[in-house]
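Read the structure below first, then the notes.
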Amino acid sequence: MSENSPEKEVVIKKNFIHQIVEEEISAGKNGGVVHTRFPPEPNGYLHIGHAKSICLNFGTAQKFNGITNLRFDDTNPSKEDTEYVDSIMEDVRWLGFDWGDRLFYASDYFDKLFAFALKLIEEGKAYVDDQDAETISSQKGTPTRPGAESPCRNRTVAENVDLFMRMKAGEFDEGKCVLRAKIDMASPNMHMRDPIIYRIMKAPHHRTGDKWCIYPMYDFAHGQCDYWEGITHSICTLEFEVHRPLYDWFVEQLRDTDYRPRQIEFARLNLTYTVMSKRKLLQLVKENYVNGWDDPRMPTISGLRRRGYTPASIRNFSDRIGVTKVDGVIDVALLEHSVREDLNRIAQRVMGVLNPLKVVITNYPEGQVEELDAINNPENPDAGTRKVPFTREIYIEHDDFMENPPRKFFRLSPGKEVRLRYAYYVTCNEVIKDENGEVIELRCTYDPETRGGNSPDGRKVKATLHWVSCTENVKAEVRLYDRLFTDEEPDEHKDIDFKEFLNADSLAVLDNCYIEPFVKDAKALDSFQFERLGYFNVDPDTNAEKIVFNRTAQLRDNWAKVKGK
RNA sequence: UGACCCGUGGUGUAAUUGGCAACACGUCUGGUUUUGGUCCAGAAGAGUCCAGGUUCGAGCCCUGGCGGGUCAACCA
């Protein structure tokens, strides 16, 4: 894809996080250093919601001359996998961000975390609880009722150290005991009621192998990792807001200087007509409602990439939607607008017929092939021109012909003259139908004087149609996508499963499409505008036998609106 | 019902330290056009959840309501 034209800059409004950072810098906090991190758990593919977070974290650092770490939050080996690690790195890079040499894993800190846990035990701030999960849970209380203290709460330090060492040594089965921070079972904040910080999990870890059979919980790892990496702003989503006191509590136990990372929460992205939770996306993949994580209908970054979205379009989208603590829903139309905007500027134009209707130009010489000049991108004169072959028999779009057209139909109909883009004016003389009365061919005549598309006598036509030669073309399969769900918020219905709203027509495969020869050497992911239709890119399923296109987005279509009324 | 968070056109965001609500998407008009695209011009649409209060003046401050969200995994 050509990236030659300058990227349109979306005006980024100063969001509340920028404002906080700005105030801290002018107050001299952290010596003016801004250091963020993007901390995905490698248990699934990244989606457009993560893109928002990536743009926020990397973007905030960039804005204030800071840097950003990539850190995998891999504290739960039972769910995590290197497959996800690889895809996440690919996606972040593809979006256009660089973490330099600062690639980290929470598992890098397992030794330090263990030592810190031991320190808490020695200070009487943590204890081993060997009650079963259910009992511990029942002692937690409820949001409105305080919890009860565990009978294990007052073990001696020596006892706790011994037990914890034996947990580490693998002497206990999974679920036999846990390490808990000793904070406050009566706290109005559930997360402060002696949270579990280590559990036994006899699963090999994708990085540490069999070294550990106990693993730290998220709350016991995240803030500490931030602290050790010198993170200044730990930006996360709203649901972690209630975790913040705990985050601060651990950092407070750990720190030996004035420095502490600050957790700031923002609202996660929701998009209309889709779902964004990893669990639900995983379900769509596992249960084959879509063809994998990178199915072009998925809101995953890999899906959007395969669909033909550009990194710039996603970054612009992220900038436009803003950052707040209001939990809202963004209209997908805004995302679609962002790709159209970017692709309009950079996409090579080409003509392609998706639903062909054969047209024979009866007064055009048989066997003649003319090479006509076509503009590659009217938005970018530097893109130049190309030749398009014209012949006696061509295909036009079936929708561009109507035997009995309504008032505002400008396209071809019996007796009417239209322009074939970059070619000639043609007039429809005859309609040929099959035994079912379906129109299968048109007989037209052309005006040789109108070569290139203009009439010397100044005669105007109302419409310009795209076309492809019947003999000089590339045959293609084209996959048309529609929204995956029929409901604006498929997972916001109390009693209806989101899958009930799956759109049965979200994918339509057309295998009788003809594209002008220009695309014959196109490579996977190359984007084109098929004039008058939309943006299409080459799917990786393309091989020597057939070229496959995905429709990224349709062009705005006023006729469709008129027709709809 | 405990704690924490949130409440501005249809949607998402703005509104300098309080000064007559702005931008984008969407919608609707019209113009240009060899893409019914792009582009250009314009319109409709909120009086800022409600009620009090402070003030010459409140979307911004105070009080009290109302509405919504999050939190009770050995997930993150």
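Throughout, protein chains are lettered first and strands after them, A, B, ... in sequence-line order, and every chain is numbered starting at 1. Heavy atoms only: backbone and side chains are in, while hydrogens, waters and symmetry mates are out.
For a distance-only test at 3.5 Å, the side chain of A:Glu379 qualifies as a donor-acceptor partner of the base of B:G37. Interface remark: the A:Arg532 side chain does not form any donor-acceptor pair with the B:G36 base, using a distance-only criterion of under 3.5 Å.
When each of B:G12, B:A76, B:G36 is scored by its nearest atom to the side-chain atoms of A:Ile321, the top-ranked nucleotide is B:G12. Of the candidates B:U35, B:G2, B:C5, B:C5 carries the atom nearest the A:Lys325 side chain, counting heavy atoms from C-beta on. For A:Val326, whose side chain is taken as the heavy atoms from C-beta onward, the closest listed nucleotide among B:G26, B:C75, B:C6 is B:C6. Comparing atom distances between the A:Arg556 side chain and each of B:U13, B:U38, B:G36 picks out B:U38 as nearest. Each of B:A72, B:A76, B:C75 was ranked by its minimum atom distance to the side chain of A:Met201; first place goes to B:C75. For A:Glu41, the listed nucleotide lying nearest its side chain is B:C75; candidates were B:C75, B:U11, B:G36. The side chain of A:Gln19 approaches B:A15 more closely than any other nucleotide in the set B:U38, B:A15, B:C75. The side chain of A:Asn558 lies closest to B:G37 when the candidates are B:G7, B:G37, B:A3. The listed nucleotides are B:U70, B:G12, B:A24; the one nearest the side chain of A:Val242 is B:U70. Nearest to the side chain of A:Pro143, among B:A72, B:U35, B:U13, sits B:A72.
Residues A:Glu239 and A:Phe16 both approach RNA chain B. Their nearest nucleotides, taken by heavy-atom distance, put A:Phe16 toward the 5′ side. Sequence order on RNA chain B of the closest nucleotides to A:Pro216 and A:Lys52 puts A:Lys52 first from the 5' end.
Screening A:Tyr109, A:Phe220, A:Tyr215, A:Phe164 for a ring pair (Phe, Tyr, Trp, His ring centres under 6.0 Å) involving A:Phe114 leaves a single residue, A:Phe164.
Contact annotation for A:His243: base contact, defined as any heavy-atom pair under 4.0 Å involving a base atom. Contacts of A:Asn454 with the nucleic acid, taken as non-hydrogen atoms under 4.0 Å apart, include base atoms. A:Pro39 comes within contact range of no nucleotide atom at all, as no heavy-atom separation falls under 4.0 Å. Here A:Glu336 lies out of heavy-atom contact (under 4.0 Å) with every strand. Using a 4.0 Å heavy-atom criterion, one finds that A:Arg145 contacts no nucleic acid atom at all. Within the nucleic acid shown, A:Met351 has no heavy atom closer than 4.0 Å to any nucleic acid atom. Contact annotation for A:Tyr424: no contact, since no heavy-atom pair falls under 4.0 Å across all strands. A:Ser137 comes within contact range of the sugar-phosphate backbone alone, with a heavy-atom separation under 4.0 Å but no base atom that close. Residue A:Lys408 is classed as a base contact, given a heavy-atom separation below 4.0 Å to a base. Within the nucleic acid shown, A:Phe240 comes within 4.0 Å of at least one base atom, counting heavy atoms only. Within the nucleic acid shown, A:Gln139 has no heavy atom closer than 4.0 Å to any nucleic acid atom. Base contact: A:Val178 has a heavy atom under 4.0 Å from a base atom. Residue contacts shown for A:Gly175 include a base, since a base heavy atom lies under 4.0 Å away. At a threshold of 4.0 angstrom between heavy atoms, the contacts of A:Arg349 include nucleobase atoms, whether or not backbone atoms are also involved.
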- Residue pair A:Arg71, A:Asp226: steps toward the salt bridge (Lys or Arg N to Asp or Glu O under 4.0 Å) verdict: CA-CA 10 Å; A:Arg71 183 175 70 231; A:Asp226 284 342; 2.7 Å; yes
- Check the pair A:Glu229, A:Arg37 against salt bridge (Lys or Arg N to Asp or Glu O under 4.0 Å), reporting the backbone distance first and the verdict last. CA-CA 9 Å; A:Glu229 290 179 15; A:Arg37 103 267 91 115; over 6 Å; no
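Taking atom CZ of A:Phe72 as the reference point, atom P of B:C75 lies 21 Å away to the nearest angstrom. In this structure, CD of A:Gln263 is placed 17 Å from P of B:U70, rounded to the nearest angstrom. The separation between A:Arg419 atom CZ and B:U33 atom C1' is 9 Å, rounded to whole Å. Between the CG atom of A:Asn76 and the P atom of B:C74 there is a distance of 12 Å, given to the nearest Å. Note: CG (A:Asn189) to P (B:C71) measures 12 Å, nearest angstrom. Atom CG of A:Asp327 and atom P of B:C6 are 12 Å apart (whole Å). A straight line from CZ of A:Phe528 to P of B:U35 spans 21 Å, rounded to a whole angstrom. Remark: C1' of B:G36 and CZ of A:Arg340 are 14 Å apart, rounded to the nearest angstrom.
B:A73 makes up no base pair with any nucleotide shown, lacking Watson-Crick or G-U wobble contacts both under 3.5 Å. A 3.5 Å limit on both hydrogen-bonding distances identifies no Watson-Crick or G-U partner for B:U32. Of all nucleotides present, only B:A22 satisfies the Watson-Crick or G-U wobble test against B:U13, with each distance under 3.5 Å. Under the Watson-Crick or G-U wobble criterion, with both distances below 3.5 Å, B:U8 is left unpaired in every strand shown. B:G64: Watson-Crick or G-U partner is B:C50, with both key distances under 3.5 Å. Nucleotide B:A44 has no partner under the Watson-Crick or G-U criteria, as no pair reaches both atom distances under 3.5 Å.
Side-chain N/O atoms of A:Arg199 include one lying less than 4.0 angstrom from OP1 or OP2 on B:A76. Residue A:His337 has a polar side-chain atom (N or O) positioned under 4.0 Å from OP1 or OP2 of B:C25. Proximity of A:Lys561 to the phosphate of B:C28: a side-chain N or O atom is located under 4.0 Å from OP1 or OP2. Put simply, A:Thr75 has a side-chain N or O that comes within less than 4.0 Å of OP1 or OP2 on B:A76.
Distance check, rounded to the nearest 0.5 Å: CZ of A:Arg153 to CZ of A:Arg180 gives 8.5 Å. Atom NZ of A:Lys52 and atom CD1 of A:Ile314 lie 14.5 Å apart (nearest 0.5 Å).
Glycosidic conformation at B:G67 (O4'-C1'-N9-C4 for purines, O4'-C1'-N1-C2 for pyrimidines): anti, more than 90° from 0. With a glycosidic angle further than 90° from 0, B:A22 counts as anti.
A:Phe317 has its ring centre no less than 6.0 Å from the ring centre of A:Tyr309.
Stacking of A:Trp559 onto the six-membered ring of B:G36 is present: less than 5.5 angstrom between centres, less than 30° between planes.
Counting non-hydrogen atoms of other residues, nucleotides and ligands closer than 6.0 Å to CZ of A:Arg268 gives a total of 12 or fewer.
A:Phe250 is listed as a side-chain neighbour of A:Leu246, based on a closest heavy-atom distance under 4.5 Å. Residues A:Asp491 and A:Phe485 form no side-chain contact, since every pair of their non-hydrogen atoms from C-beta on lies 4.5 Å or further apart.
Here, B:C50 and B:C66 have their P atoms 15 Å apart, quoted to the whole Å. Nucleotides B:G47 and B:A22 place their C1' atoms 14 Å apart, quoted to the nearest Å.
Using bins of under 30°, 30° to 60° and over 60° for the plane-to-plane angle, the ring pair A:Phe549/A:Phe528 lands in the perpendicular bin.
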